[in-house]
Amino acid sequence: MIYRFSDFELDEAAWELRREGRVVDVQPKALAVLFFLVEHRDRVVSKGELVDALWPGVAVTDSSVLRAISLARLAIGDRGREPAWIRTIARRGYRFCGEAWESTGAAPTADAELPFVGRDWLLRTLDEHCQRAIRAPGQVVLLTGEAGIGKTRVAEELARRAVQQPARVALARCQEAEGAPAFWPWVQVLQQLAPRDRDGRRQELASFVPATGTDDAEHARLRFALFERVTSVLFECAAEQPTVIVLDDLHWAGEASLRLFEHLVSRLHASRLMVLATLRMPARESSGPLLRALAATARYPEGRRLRLESLGRAEVSQLAEASLGQPPAPGLVAELHGRTEGNPLFLRESLRWLATQGGVTGWIPGATPPIPDGVREVIGCRLDELGAACRQSLEAAAVLGREFRLPVLASVRERSQPD
């Protein structure tokens, strides 16, 4: 769901606040407060209700609530504004008093400005799985690939095509940032497939607090019962109309959401449901809930794992022409393909930079353009996930160039170590 008021957008699927299309930096709890108040804008929300919804099972001081409200007001420019959007109702609580509009459409991604090219074999394969799910049994597909390779764009294209089947589609995005409610991707799914909450399952999911540490028997029993109820709701939706669920960035899902994914996959054979999850594959030595969820997919007879590869030169040429407004020279295509290695995100950012330099006429053969800020940010996030020793090795490798021998790298590393 997307809520729009004035020049702001609150996008539940992306879990972000935007103003005039630009993402607003806002603290996670303040953002959660905004979502809750806007969703319940038809009434006053008490402080106790806010605490129960956003800090379940946690002892919260009044100052924490007031700070979250204050930061929410700051994010939407509500301080000093008359009339205020977020109003304090004496001795009762808070209410969002602005006029807001709702939209169930997924927010466009940054890639939406460029045409969808290539991936024909992949879309044909996904279409086949969608058709199989319509006839039953249910299907589960993992779409893997590196950051920026286009997993989200492919998933959205499948969703667009599935609606034409016709099938019902729910697209949910997992969040890397802290502060999202428990079972957040599944809450999004139920919001789209069962807007009237199907006996309150959405609120039940949002309020269920996974136990920390070792599960006791009672907690495990309650969790299993909850998973069965949610699964039955999804199966009911699929029985009424073939249904596709897209879980974007599954690698960021919390343990509780992954366990529910694992449970659903184990029951999928009895449904007309297709589940498509996009993710970056974890390291081989990793362990934990994500690997258990992936193992459940591997055990399911109708499970499939597809890897998204880089774009070829023909696709790079198509995107360059669409972005720059005229056919690019073969030399420019070769340079773009070599520099970005066909990564759609890196390619898009490079094309944006080139457009600011005059497009095709601004290209100087052999010149080394700067790395766009968007690419630097993505690479920086990936480097932050690595250990210190690995980052030091990469720094040394960057000096050596694209190809080198390991003994040479070891020598450079040894020489670069402080005495």
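Count residues from 1 along the sequence.
- Aromatic ring pairs are classed by plane angle as parallel below 30°, tilted from 30° to 60° and perpendicular above 60°; the pair F227 and F183 is perpendicular.
- Taking CD of E157 as the reference point, atom CZ of F116 lies at 5.0 Å (rounded to 0.5 Å).
- When the options V244, V169, L123 are evaluated for a side-chain contact (heavy atoms from CB on, under 4.5 Å) with R161, the one that passes is L123.
- Applying the salt bridge (Lys or Arg N to Asp or Glu O under 4.0 Å) rule to R67 yields no partners; only residues at least two apart in sequence or on another chain are considered.
- The side-chain hydrogen bond (donor to acceptor under 3.5 Å, both in side chains) test with Q139 singles out one residue from H269, E128, H129, Q131, and that residue is H129.
- With sequence neighbours left out, R95 forms a salt bridge (Lys or Arg N to Asp or Glu O under 4.0 Å) with no residue at all.
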Atom pairs and distances, donor-acceptor, side-chain atoms in residues 309-317, under 3.5 Å, two or more places apart:
from: S310; atom 1: OG; to: E341; atom 2: O; distance (Å): 3.0
from: E315; atom 1: OE1; to: G312; atom 2: N; distance (Å): 2.9

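- No side-chain heavy atom of L226 sits less than 4.5 Å from a side-chain heavy atom of L260.
- Residues satisfying the ring-ring contact (aromatic ring centres under 6.0 Å, His included) test with Y94, not counting sequence neighbours, are none.
- Using a 4.0 Å cut-off between a side-chain N of Lys or Arg and a carboxylate O of Asp or Glu, E240 and R168 qualify as a salt bridge.
- Ring geometry, F96 versus W85: the interplanar angle falls under 30°, so the pair is classed parallel (tilted spans 30 to 60°).
- Not a single side chain to side chain donor-acceptor pair (under 3.5 Å) links R292 to another residue, sequence neighbours left out.
- Heavy atoms from other residues, nucleotides or ligands lying under 6.0 Å from CG of D42 number more than 12.
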| task | Would you please test T88 and R73 for side chain to side chain donor-acceptor pair (under 3.5 Å) and show each step? | result | CA-CA 11 Å; T88 301; R73 285 171 168 156; 2.8 Å; yes
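- The shortest non-hydrogen separation linking H263 to F224 is CE1-CE1, 3.4 Å.
- Residues satisfying the salt bridge (Lys or Arg N to Asp or Glu O under 4.0 Å) test with R305, not counting sequence neighbours, are none.
- Open room surrounds CZ on R92; 12 or fewer heavy atoms of other groups in view lie less than 6.0 Å from it.
- Counting all heavy atoms, side chain and backbone alike, L290 lies closest to L250 at CD1-O, 4.3 Å.
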